[in-house]
Amino acid sequence: MPNSLQGSQPQKPDLAGIRFVEVTQKTRGRFETLFEQPGAPKYCWCMAWRHSSREHIQNDEKKRMMTALIDVGTPVGIIAELDGKAVGWCSVAPRETYRRLSKQQDDSETGIWSIACFYVPRAWRGGGLASALLDAAIDHAFDRGAGIVEAYPVDEAAPSYRFMGFRDMFVARGFREVGTAGTRRHVMRLMR
């Protein structure tokens, strides 16, 4: 007798065919569509860690600020695509394009790219897309001249900052802890 739950279990997404694309003026529409879907972080538009002159900004202003960065060619991150549709996001960019990400940050250092955020829609979670995004973000940063890739993940049990990724995912790729940022975030680095 077949298991009565068999048809109700969610299928793990198939990552075959996923490609990773830099968000540029040309791909901005796909990025916007991803962030405007139900459950997406349209409250943030991935501006939480970026430079802005004001603290309390409305969502539509955050979107405008992000699109302005994209339009002038500022690197902001990559999207994962399947069949031309964006299915995930990773904020990866030169560290100087973000506001201060840790208290110990030495702003005289150059050649550092930061991985500051991931967004994977609920339907795609648990199937390895975040790990694939991380691998693509690392390659993206080094391909564009990074000497060091820095990240700020948390432990899996952390109640907040989970959008920054989990520490074990970074350790598995050779990142080394170099400090902490606050009480939950680890500052981790990878060099090639």
Side-chain angles (χ1 to χ4, degrees), residues 5 7-52 54-94 97-99 101 113-141 144 151-154 156 158-166 169-170 184-185:
L5 296 177
S8 65
Q9 295 296 324
Q11 296 287 326
K12 291 288 183 205
D14 182 4
L15 296 181
I18 293 279
R19 65 185 203 113
F20 301 93
V21 180
E22 181 176 15
V23 176
T24 63
Q25 276 186 315
K26 183 178 175 182
T27 60
R28 187 181 91 192
R30 288 175 262 175
F31 166 74
E32 290 176 12
T33 299
L34 177 68
F35 269 65
E36 288 170 345
Q37 69 184 4
K42 55 185 153 275
Y43 55 87
C44 173
W45 284 96
C46 215
M47 288 300 298
W49 297 108
R50 301 191 194 271
H51 297 287
S52 74
R54 300 188 319 258
E55 198 166 310
H56 300 288
I57 303 169
Q58 297 296 316
N59 298 351
D60 58 344
E61 179 66 7
K62 291 176 190 172
K63 177 182 178 182
R64 190 200 62 72
M65 291 169 71
M66 176 56 88
T67 58
L69 289 173
I70 295 166
D71 286 347
V72 297
T74 302
V76 296
I78 60 173
I79 51 175
E81 289 188 334
L82 181 63
D83 299 326
K85 179 183 175 194
V87 295
W89 156 257
C90 181
S91 177
V92 55
T97 66
Y98 296 97
R99 64 182 172 88
L101 293 161
W113 278 54
S114 294
I115 296 173
C117 180
F118 294 87
Y119 169 61
V120 174
R122 188 172 307 280
W124 283 88
R125 293 179 192 162
L129 182 55
S131 293
L133 272 163
L134 176 55
D135 292 336
I138 292 167
D139 290 344
H140 178 77
R144 280 151 185 79
Y152 318 91
V154 297
E156 207 159 330
S160 60
Y161 295 106
R162 297 169 69 86
F163 57 88
M164 297 184 98
F166 295 125
M169 186 169 73
F170 290 87
R184 295 188 177 110
R185 293 183 293 131

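For reference, positions follow the sequence shown, starting with 1.
Judged purely by atom type and a 3.5 angstrom limit, T27 uses its side chain to pair as donor or acceptor with the backbone of E22. Although no hydrogens or angles enter the test, the distance criterion places a donor-acceptor pair under 3.5 Å between the side chain of T24 and the main chain of K26. Within the 3.5 Å criterion, the main-chain N or O of V76 finds a donor-acceptor partner in the side chain of R50. Under a 3.5 Å cut-off, the side chain of K63 and the backbone N or O of K42 do not form any donor-acceptor pair. Between the side chain of R162 and the backbone N or O of E156 there is at least one donor-acceptor pair closer than 3.5 Å. For the pair R30 (side chain) and V87 (backbone), a donor-acceptor distance under 3.5 Å is absent.
Within the 4.5 Å cutoff, the side chain of M65 has heavy atoms near those of the I57 side chain. Looking at heavy atoms from C-beta onward, R184 lies in side-chain contact with S160 at the 4.5 angstrom threshold. Between F35 and K62 there is no side-chain heavy-atom pair separated by less than 4.5 Å. P153 places none of its side-chain heavy atoms less than 4.5 Å from the side chain of F166. At a threshold of 4.5 Å between non-hydrogen side-chain atoms, the residues W45 and T67 do not count as touching. Counting heavy atoms from C-beta on, the side chains of T33 and K85 never come closer than 4.5 Å. Contact annotation: the side chain of W113 approaches that of P75 to within less than 4.5 Å [non-hydrogen atoms, C-beta and beyond].
Between S91 and Y98, the shortest heavy-atom contact is OG-OH, 2.8 Å. The two residues F20 and A136 make their nearest non-hydrogen contact at CG-CB, 3.4 Å. Between I18 and A80, the shortest heavy-atom contact is CG2-CB, 4.1 Å. In terms of heavy atoms, M169 sits closest to S131 at SD-OG, 3.6 Å. Among all heavy-atom pairs drawn from F170 and A151, the shortest one is CE2-CB, 3.2 Å. When all heavy atoms of P121 and Q37 are compared, the closest pair comes out as CG-NE2, 3.2 Å.
Outside the 6.0 Å centre-distance limit, the rings of W49 and Y152 are not counted as a close aromatic pair.
The aromatic rings of W89 and F31 lie tilted to each other, with the angle between the two planes from 30° to 60°.
Rounding to the nearest 0.5 Å gives a distance of 13.5 Å between CZ of R64 and CG of N59. The CE atom of M164 lies 8.5 Å from the OG atom of S114; values are rounded to the nearest 0.5 Å. Summarising the geometry, atom CG belonging to L129 is positioned 11.0 Å from atom CG belonging to L134; distances are rounded to the nearest 0.5 Å. In this structure, CG in L15 is found 9.5 Å from CG in L133, a value given to the nearest 0.5 Å. For the atom pair CZ (R28) and CG (D71), the distance works out to 4.5 Å, reported to the nearest 0.5 Å. The structure places SG of C90 at 14.5 Å from OH of Y119, a figure rounded to the nearest 0.5 Å.
Exactly one of I70, I78, T74 qualifies for a side-chain contact (heavy atoms from CB on, under 4.5 Å) with V23. That residue is I70.
Note on E81 versus R19: salt bridge recorded, some NZ/NE/NH1/NH2 to OD/OE distance being below 4.0 Å.
Geometrically, R185 engages Y161 in a cation-pi contact defined by less than 6.0 Å to the ring centre and at most 45° from the axis.
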